[in-house]
Amino acid sequence: VVQKITLGFALFGCLLLITSLLAYLGLSDIRRSAETVATEKMPVQTKMMSLKSDALSLATVTANGYYMDELSALNKNKAEFEALSEVFSEDLAIFDTTFGNHTESKQAVEAGNTFIRESATMYEALISSKQIQLSLAKQREEAISHIDEAGALMMDLSFLDNGQPGIDALAGLGANIDNKLLTLSSVVTELVKSSDPEDSLVILDDLDYQLSNLAVDTEYLFRSASGLNTDGIISNFQQQYDAMLAILTGESGLMAGQKQKLSHIAHATESRQRANTSLAQATSTINNLYEEVTEETLKGQNLILDTVQDSLVDTLVVSFIGLVAAVALTLTVRKSIAGPLQNITRGLGRISEGDLSYRLKTQSNDEFADLSVKVNSLTEALRDLIGNIQQQERTLLDVARESVQMGERSLEQVAQQRDRVRKTSSDTASVRSTSEKNLAMIQQSVDELNRVASQTQQTSELVAQNRQQVAEQSG
């Protein structure tokens with residue numbers, strides 16, 4: 001039985017070992033697949049996600065920068081762009097290294113770098129346009145100052161002495177020029193505020209027209225004022241007018257600055273368009289590559305799932321075999337142990353009830369057969385022992401009966417002796433009385449003897465004295 005149990009557990013252990021081995025192999029495959037996904041695919045996905053996020057952030061920053069009006073805000077936006085573009089360039093370099101000689105990755109990297117360059121060009125053009133805008137605002141103030149001064153001089157013509165011929169016509173001409181100067185002031189202000197190329201061209205044409213009309217009126221004014229005493233108004237007007245024209249139409253004047261500003265804005269717009277095109281191309285290529293990497297990652301994950309499923313099936317199969325083996329082992333052990341054990345239990349029950357003639361079956365050749373033989377031997381020994389005990393019990397009963405009989409005879413003898421003792425006791429009482437009397441007489445005789453002894457002693461002493469006296473007298 002022990003050998004069967006040992007063999008069964010050995011087989012069960014082998015099944016567990018096989019199950020563990022299959023599980024280990026399955027887990028190894030899963031680990032390799034997971035490491036491939038975790039160390040190769042997912043980092044690339046993460047970098048591509050970061051690249052897409054950086055591209056989106058750069059697109060947002062450049063779009064905000066393109067529509068900014070303040071130079072300080074634009075410079076701050078440019079600094080943010082430069083910081084993001086540096087990170088974007090690093091991600092592009094890592095992206096290029098990751099994909100190696102992949103054609104689409106090279107195109108995406110080139111498009112991304114083009115986006116950074118064109119965006120930087122856009123910022124330079126926008127900053128230049130904003131700087132020119134600040135210069136134009138100062139020129140506008142100067143031009144408006146000269147226009148206002150010139151208009152005031154024209155209004156002063158109405159206060160000249162009317163006694164001069166032609167003064168009234170000159171004053172009317174001055175009022176007309178003042179009105180045109182007011183219109184010119186509005187046009188200049190509108191031109192400086194404009195950043196739209198088409199609107200600016202319309203305003204520039206209107207300004208040229210205003211200046212040409214004003215030039216005709218001023219020439220007529222100067223001719224009309226020839227020979228008249230204007231108290232220096234015409235000469236002062238001419239100075240203000242010439243200064244205004246220099247500010248508006250000079251080589252570095254307001255109109256030229258506006259055209260230069262429009263040129264920078266157009267350049268910035270073109271750069272932004274090229275940057276957006278490059279970014280769209282880079283983003284599209286990155287998205288395509290991202291889909292490929294995602295698909296490969298999904299394949300890796302599916303491979304992991306397939307490996308897990310195969311490992312699970314193998315484990316279930318081996319577990320089922322192990323379960324069947326365990327059931328078979330249980331039935332075998334039950335047949336090998338339960339039956340003989342039940343036989344022994346039944347026999348022990350009969351023996352415990354006192355049937356010492358019952359013998360256990362010893363048909364098998366195992367430990368239970370040896371146990372049955374030993375139980376049978378024990379039963380025979382018990383039967384012999386009990387027989388001996390019963391024989392000794394019978395002997396003891398016989399001895400006990402004889403002892404009882406002897407006791408009865410002893411009791412009769414004791415009764416006889418008791419009677420004798422009683423009789424002896426009565427005789428002893430009379431002897432005691434006589435003895436007491438004899439003792440009293442003996443005591444009395446002793447007293448007499450003591451008295452006689454005392455007298456004898458005294459007599460001896462007297463004799464001794466007499467002897468001594470006789471001896472002294474004789475000497």
Side-chain angles (χ1 to χ4, degrees), residues 47-96 104-140 190-204 252-289:
K47 290 296 181 184
M48 296 183 73
M49 287 291 294
S50 176
L51 197 62
K52 292 170 65 177
S53 177
D54 293 341
L56 181 61
S57 299
L58 283 172
T60 303
V61 170
T62 53
N64 292 334
Y66 180 77
Y67 292 103
M68 284 183 176
D69 295 329
E70 298 294 332
L71 180 60
S72 59
L74 181 60
N75 285 325
K76 184 177 180 181
N77 181 269
K78 181 185 177 184
E80 183 180 1
F81 165 77
E82 290 174 349
L84 288 174
S85 62
E86 184 177 355
V87 176
F88 185 65
S89 298
E90 293 176 356
D91 290 342
L92 284 175
I94 297 173
F95 177 76
D96 189 19
E104 292 186 354
S105 67
K106 294 291 183 183
Q107 293 176 355
V109 172
E110 184 178 355
N113 291 327
T114 301
F115 165 75
I116 294 175
R117 289 194 302 271
E118 292 296 336
S119 296
T121 303
M122 179 198 74
Y123 275 106
E124 292 176 359
L126 287 174
I127 290 173
S128 297
S129 68
K130 301 303 179 186
Q131 291 173 345
I132 293 174
Q133 179 70 24
L134 293 176
S135 177
L136 291 177
K138 294 179 180 179
Q139 289 179 333
R140 185 193 72 83
E190 186 178 358
L191 178 64
V192 172
K193 291 181 178 179
S194 175
S195 296
D196 184 80
E198 295 181 0
D199 293 342
S200 296
L201 290 176
V202 173
I203 295 172
L204 285 171
S252 59
L254 190 144
M255 295 179 69
Q258 180 67 14
K259 291 177 180 179
Q260 189 178 4
K261 182 184 81 172
L262 292 176
S263 175
H264 286 300
I265 291 175
H267 190 196
T269 302
E270 293 174 359
S271 297
R272 180 171 182 267
Q273 290 175 351
R274 289 192 294 269
N276 287 339
T277 301
S278 299
L279 182 61
Q281 181 181 356
T283 304
S284 176
T285 305
I286 292 172
N287 286 332
N288 292 334
L289 293 175

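Note that the numbering runs from 1 along the sequence shown for the chain.
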Study note, to complete from the structure: In short, ring pair (Phe, Tyr, Trp, His ring centres under 6.0 Å) pairs touching residues 262-287 with sequence neighbours left out are none
Exercise for review: Could you tell me whether the side chain of T114 reaches within less than 4.5 Å of the side chain of R117, counting heavy atoms only?
Suggested key: yes
Review point. How far does CE of M122 sit from CD1 of I127, to the nearest 0.5 angstrom?
Key: 9.5 Å
Exercise for review: Not counting sequence neighbours, which residues clear side-chain hydrogen bond (donor to acceptor under 3.5 Å, both in side chains) with K52? List them please.
Suggested key: N287
Review point. How about Q107: does its CD atom have over 12 heavy atoms from other parts shown lying under 6.0 Å from it?
Key: yes
Review point. When rounded to the nearest 0.5 angstrom, what distance separates OG in S195 from CD in Q258?
Key: 7.0 Å
Point to revise | Nearest heavy atoms of L262 and S200, plus distance in Å | key: CD1-CB, 3.2 Å
Practice item. Can you measure from CD1 (I94) to CG (L51) and round to the nearest 0.5 angstrom? Key: 9.5 Å
Study note, to complete from the structure: Sorted by chain and number, sequence neighbours left out, side-chain hydrogen bond (donor to acceptor under 3.5 Å, both in side chains) with E118 holds for R274
Review point. Can you name the side-chain hydrogen bond (donor to acceptor under 3.5 Å, both in side chains) partners of T269, sequence neighbours left out?
Key: Y66
Study note, to complete from the structure: When every non-hydrogen atom of S194 is compared with those of I203, the smallest separation belongs to CB-CD1, 3.9 Å
Exercise for review: Return yes if some donor-acceptor pair links the side-chain N/O of T285 with the main-chain N/O of Q281 below 3.5 Å, else return no.
Suggested key: yes
Practice item. Look only at the side chain of S284 and the backbone of A280, and say whether a donor-acceptor pair between them is shorter than 3.5 Å. Key: no
**Study point:** Heavy-atom pair with the smallest gap, counting every atom of G65 and L126
**Key:** O-CD1, 3.8 Å
Point to revise | Sequence neighbours excluded - salt bridge (Lys or Arg N to Asp or Glu O under 4.0 Å) pairs with any residue from residues 192-203 | key: none
Review point. So which heavy atom on S252 is nearest to which on Q139, and how close?
Key: O-NE2, 2.8 Å
**Study point:** side-chain hydrogen bond (donor to acceptor under 3.5 Å, both in side chains) against N113, all qualifying residues, sequence neighbours excluded
**Key:** none
Review point. Quick one: side-chain contact (heavy atoms from CB on, under 4.5 Å) partners of Q133, sequence neighbours excluded?
Key: L136, V192, K261
Study note, to complete from the structure: Residues passing the side-chain contact (heavy atoms from CB on, under 4.5 Å) test with A55, sequence neighbours excluded, are F88, L279, T283
Review point. Counting N and O atoms only, with roles assigned by atom type, does the side chain of S85 sit under 3.5 Å from a partner on the main chain of E82, one being a donor and the other an acceptor?
Key: yes
Tabulate below the donor-acceptor pairs under 3.5 Å that side-chain atoms of residues 68-79 make, not counting sequence neighbours, or state none.
unit_1	atom_1	unit_2	atom_2	d
N75	ND2	L71	O	3.3
N77	OD1	Y123	OH	2.3
N77	ND2	V61	O	3.2

**Study point:** From CG (N276) to CZ (F115), nearest 0.5 Å
**Key:** 7.0 Å
Review point. Just how far is it from atom OG1 of T62 to atom CD1 of I116, taken to the nearest 0.5 Å?
Key: 11.0 Å
Study note, to complete from the structure: Closest non-hydrogen atoms of G257 and I132, given as atom of the first, atom of the second and distance, are O-CG2, 3.3 Å
Check your understanding: Who are the side-chain contact (heavy atoms from CB on, under 4.5 Å) partners of V87, not counting sequence neighbours?
Key -> D54, D91
Exercise for review: Starting from the C-alpha separation in whole Å, work towards a yes-or-no answer on side-chain contact (heavy atoms from CB on, under 4.5 Å) for L58 and S119.
Suggested key: CA-CA 9 Å; L58 283 172; S119 296; over 6 Å; no
